[in-house]
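We count ligands from 1, going down the list as the structure has it; atoms in each ligand are counted the same way. Since the model is a prediction, treat every value here as computed from it, not as a measurement. These numbers come from the heavy atoms of this one structure, side chains and all, not from hydrogens, waters or symmetry mates.
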Amino acid sequence: MSPLPFLTHLEPDLFKGRDIYAVFGNPIGHSQSPQIHEQFARRSNQDLTYLRIQPEPDQFFTMLSAFFQMGGKGANITVPFKLEAYTQCQQLTPRAKLAGAVNTIWQESGQLVGDNTDGVGLVRDLRSQGIELKNKRILIVGAGGASRGIIGPIAQELPSSLIITNRTVGKAEELVVAFKELTNSIAVDIRAWSLSQLEQENLLPFDLVMNASAAGLDRQSPFSELAAKSVFRPKCFAYDLLYGKTTPFMQQALERSCRVSDGLGMLVEQAAEAFVLWRKLNIELLDTRIILASLRQV
Ligand code: ATR
């Protein structure tokens, strides 16, 4: 897909008489957020405009501030600005605090409020696919911002055990420490494992394995063939947070007859959560699964 138009600077005229929303990222030309939000707006009879904005890496907060000063109503934030957004918002929702990253912003009494809808979006997408998390044994791969955003909401679904694995095991250990207070309070067993620990034979089976690493962007799987053989048993569900292609991680799971999913449903569901927060609507109005199906046909 060729890149679609995006803005690199803002004109005040753009905002006159319109409810403007936007996604900020760099690069942003491939973002599907405008199509998704336009479909939400159509289904819920909302009159709004949703733009792509691509600030230079050092211009993110300058552009974000200008956007809200000119009358922008709400912003989604994507790579690489989620952590900066977190540090710049004057108010944070509990789930943004837990994630340490912000993907959704609006303004209240002149202050920027930051939220994180990624985790709830993932949980909703899994549920829509018939995947329950309670009492399940779950493996999350990766220890960057994507993992951080989902660990809290996943833990709150009360899995029997949550294992975080990462190429650099120290980062997985740091995440476990960061979430210990939450997981202790809800009696969820959370641990950090090295990737090589997955290579052992007789590994207890996982119900759900989620790839939140960036390996797929390099057309790689985080798992060696030995680890894939131990992890991907027939009843395991494999979910890659990336979307658009069958990633090598998904391929390894498919070869072992596991059910797989990419992260397009999560993209739609996290967007829906942002949309209903901004527009104060009931999420049922948005028919997210129909929108997801239409995106899959493009
Ligand atoms: P994001 O914010 O999208 O999560 P990130 O913070 O750069 O991005 O984190 C990327 C994650 O993918 C990291 O956990 C990284 O592992 P390291 O901590 O060892 O760097 C993981 N990752 C990236 N490429 C990988 C690869 N080829 N195999 C395994 N893990 C990979």
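Ring centroid separation for the pair F237 and F232 does not come in under the 6.0 Å cut-off.
Sequence neighbours left out, the pairs with a member in residues 140-164 that pass side chain to side chain donor-acceptor pair (under 3.5 Å) are R127-E157. Residue pairs meeting the salt bridge (Lys or Arg N to Asp or Glu O under 4.0 Å) criterion with at least one partner in residues 266-285, sequence neighbours excluded, are D19-R279, R95-E273, R124-E273, E269-R289.
Under the rule for a side-chain contact (heavy atoms from CB on, under 4.5 Å), the partners of D287 that lie at least two apart in sequence or sit in another chain are R43, I290.
With no hydrogens or angles considered, no side-chain donor-acceptor pair links T246 and Q251 at under 3.5 Å. Side-chain contact annotation: Q270 with N103, donor-acceptor N/O pair under 3.5 Å present.
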Run through all N or O atoms in ligand 1 and write down each protein N or O closer than 3.5 Å, as a pair with its distance.
residue, atom, partner, partner atom, Å
ligand 1, 2 (O), G145, N, 3.1
ligand 1, 4 (O), G145, N, 3.0
ligand 1, 4 (O), A146, N, 2.9
ligand 1, 6 (O), G145, N, 3.4
ligand 1, 12 (O), A214, N, 2.8
ligand 1, 14 (O), A143, N, 2.9
ligand 1, 14 (O), N166, OD1, 2.7
ligand 1, 16 (O), N166, OD1, 3.3
ligand 1, 18 (O), N166, ND2, 2.8
ligand 1, 18 (O), K171, NZ, 2.7
ligand 1, 19 (O), R167, NE, 3.1
ligand 1, 19 (O), T168, N, 3.1
ligand 1, 19 (O), T168, OG1, 2.5
ligand 1, 20 (O), R167, NH2, 2.9
ligand 1, 27 (N), Q220, OE1, 2.7

